[in-house]
Amino acid sequence: QVQLVESGGGLVQAGGSLRLSCAASGRTFRYAMGWFRQAPGKEREFVAAFNWSGVSIYEDSVKCRFTMSRDNAKNTVYLQMNSLKSEDTGVYYCALRSGSLYRNADEYAYWGQGTQVTVSS
């Protein structure tokens, strides 16, 4: 069984930065890890993902602003978010699946509890 725990959310002014963390426990062999977000009244949307071999994909609106990275020793994945905008506000979730990268949230089997990111303009 895989467990994911996010942290690092908070309130930040537009133009600022935050780094989200997602600590994973359990079997994570040949995985793909994704970040998704959900704003109030909106559907959950894809933000970024990478797989065990290091291939990464990003949603167009966050390219060049957000970067995923990982610390294998800590079994932790990070989402560095720079130049934050008010439209980045939402609950951010990390998710994990075995195998290939997908942008579709339905393809991910394991989810964290979410962490709130609020960007004030």
Exercise. Which other residues end up in the same hydrophobic cluster as Val5, if Ile, Leu, Val, Met, Phe, Trp and Tyr are linked when side-chain heavy atoms come under 4.5 Å apart?
Worked result: none
For this session: Output the distance between atom SG (Cys94) and atom CE (Met33), rounded to the nearest 0.5 Å.
Result: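 Here the interatomic distance stands at 5.5 Å.
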Problem set entry | Counterpart residues, side chain to side chain donor-acceptor pair (under 3.5 Å), relative to Ser121 (two or more places apart) |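 Residues passing side chain to side chain donor-acceptor pair (under 3.5 Å) with Ser121: none at all.
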For this session: Just jot down the side chain to side chain donor-acceptor pair (under 3.5 Å) partners of Lys63, sequence neighbours excluded, or say none.
Result: Asp60
Problem set entry | From CA spacing to verdict: side-chain hydrogen bond (donor to acceptor under 3.5 Å, both in side chains), Ser17, Asn82 | CA-CA 4 Å; Ser17 298; Asn82 299 328; 2.9 Å; yes
Exercise. Would Arg44 count as a cation-pi partner of Trp111, with NZ or CZ less than 6.0 Å from the six-membered ring centre and within 45° of the ring normal?
Worked result: yes
Exercise. Should the pair Arg19 and Tyr78 be classed as cation-pi, given the thresholds of under 6.0 Å to the six-membered ring centre and 45° from the axis?
Worked result: yes
Donor-acceptor pairs under 3.5 Å, side chain of residues 96-107 to any protein atom, not counting sequence neighbours: which ones?
from: Arg97; atom 1: NE; to: Glu107; atom 2: O; distance (Å): 2.8
from: Arg97; atom 1: NH1; to: Ser100; atom 2: O; distance (Å): 2.7
from: Asn104; atom 1: OD1; to: Asp106; atom 2: N; distance (Å): 2.9

For this session: Return the set of residues passing side-chain contact (heavy atoms from CB on, under 4.5 Å) with Arg65 (not counting sequence neighbours), or none when no residue passes.
Result: Val62, Ser83, Lys85, Asp88
Exercise. side-chain contact (heavy atoms from CB on, under 4.5 Å) with Val117: which residues, sequence neighbours excluded?
Worked result: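 Per chain and number, Val117 pairs via side-chain contact (heavy atoms from CB on, under 4.5 Å) with Leu18, Leu20, Met81, Tyr92, Val119.
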For this session: Would you please test Thr118 and Gln116 for side-chain hydrogen bond (donor to acceptor under 3.5 Å, both in side chains) and show each step?
Result: CA-CA 6 Å; Thr118 303; Gln116 176 71 46; 3.3 Å; yes
Exercise. Any side-chain heavy-atom pair from Gln80 and Met68 closer than 4.5 angstrom?
Worked result: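 No; the side chains remain at least 4.5 Å from each other.
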Exercise. When hydrophobic residues are tied together by side-chain contacts of less than 4.5 Å, even through go-betweens, does Tyr93 share a cluster with Tyr108?
Worked result: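 In one cluster: yes.
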Exercise. Does the separation of the ring centres of Trp35 and Phe46 fall below 6.0 angstrom?
Worked result: no
